[in-house]
Amino acid sequence: MSRDTVEQRAVRQSRINLRASARQEQLLKQAAAATDRTMTDFVLESAIVEAERVLADRRWFLIDDAHWDEFQRLLERPARDLPKLRALLAKPSPFADEE
């Protein structure tokens, strides 16, 4: 067992309960065994990797200087006039309460 694994276990304070089908549980057990990890370690590490992937594009926005300048230019230019959009927004909302 690596030092990182021991340290991770030492600082774990919260419990996460999951419900799974028998098939899902068996699949997770097999995958954990195949990677020589406990089911807890396998599920937690897999969930963390997926959570980081999902959140990555919401936190980090990496572009080079040329693209950043173009992005800034596009943000600062006036909005285009879109007559069809203006007409649509002028119509009463079908969701508005009728009084």
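For reference, positions follow the sequence shown, starting with 1. Because the structure is predicted, anything quoted here is derived from the model rather than measured.
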Look only at the side chain of T35 and the backbone of A32, and say whether a donor-acceptor pair between them is shorter than 3.5 Å.
yes
According to a 4.5 Å side-chain heavy-atom criterion applied to Ile, Leu, Val, Met, Phe, Trp and Tyr, with indirect links allowed, do V49 and V54 form part of one hydrophobic cluster?
no
Would you say D36 has more than 12 foreign heavy atoms packed within less than 6.0 Å of its CG?
no
Taken to the nearest 0.5 Å, the spacing of R80 CZ from L85 CG works out to 10.0 Å
Would you compute the distance between atom CG of D69 and atom CG of L74 and round it to the nearest 0.5 angstrom?
11.0 Å
First locate atom CG of L44, then atom OG1 of T38, and finally report the distance between them rounded to the nearest 0.5 Å.
9.0 Å
Co-membership, hydrophobic cluster, residues I48 and I16, 4.5 Å side-chain:
no
To the nearest 0.5 Å, what is the distance between CH2 on W68 and CZ on R73?
14.5 Å
Partners of R53 by salt bridge (charged side-chain N to carboxylate O under 4.0 Å, His left out), sequence neighbours excluded?
E50
Give a yes or no on whether D65 atom CG has more than 12 heavy-atom contacts from other residues, nucleotides or ligands under 6.0 Å away.
no
Please confirm whether the backbone N or O of S21 pairs with a side-chain atom of Q24, one donor and one acceptor, at under 3.5 Å?
yes
Separation of L62 CG from H67 NE2 (nearest 0.5 Å)
13.0 Å
Checking R37 side chain against A33 main chain: does a donor-acceptor pair fall under 3.5 Å?
no
Working to the nearest 0.5 angstrom, can you tell me the gap between Q26 CD and R23 CZ?
10.5 Å
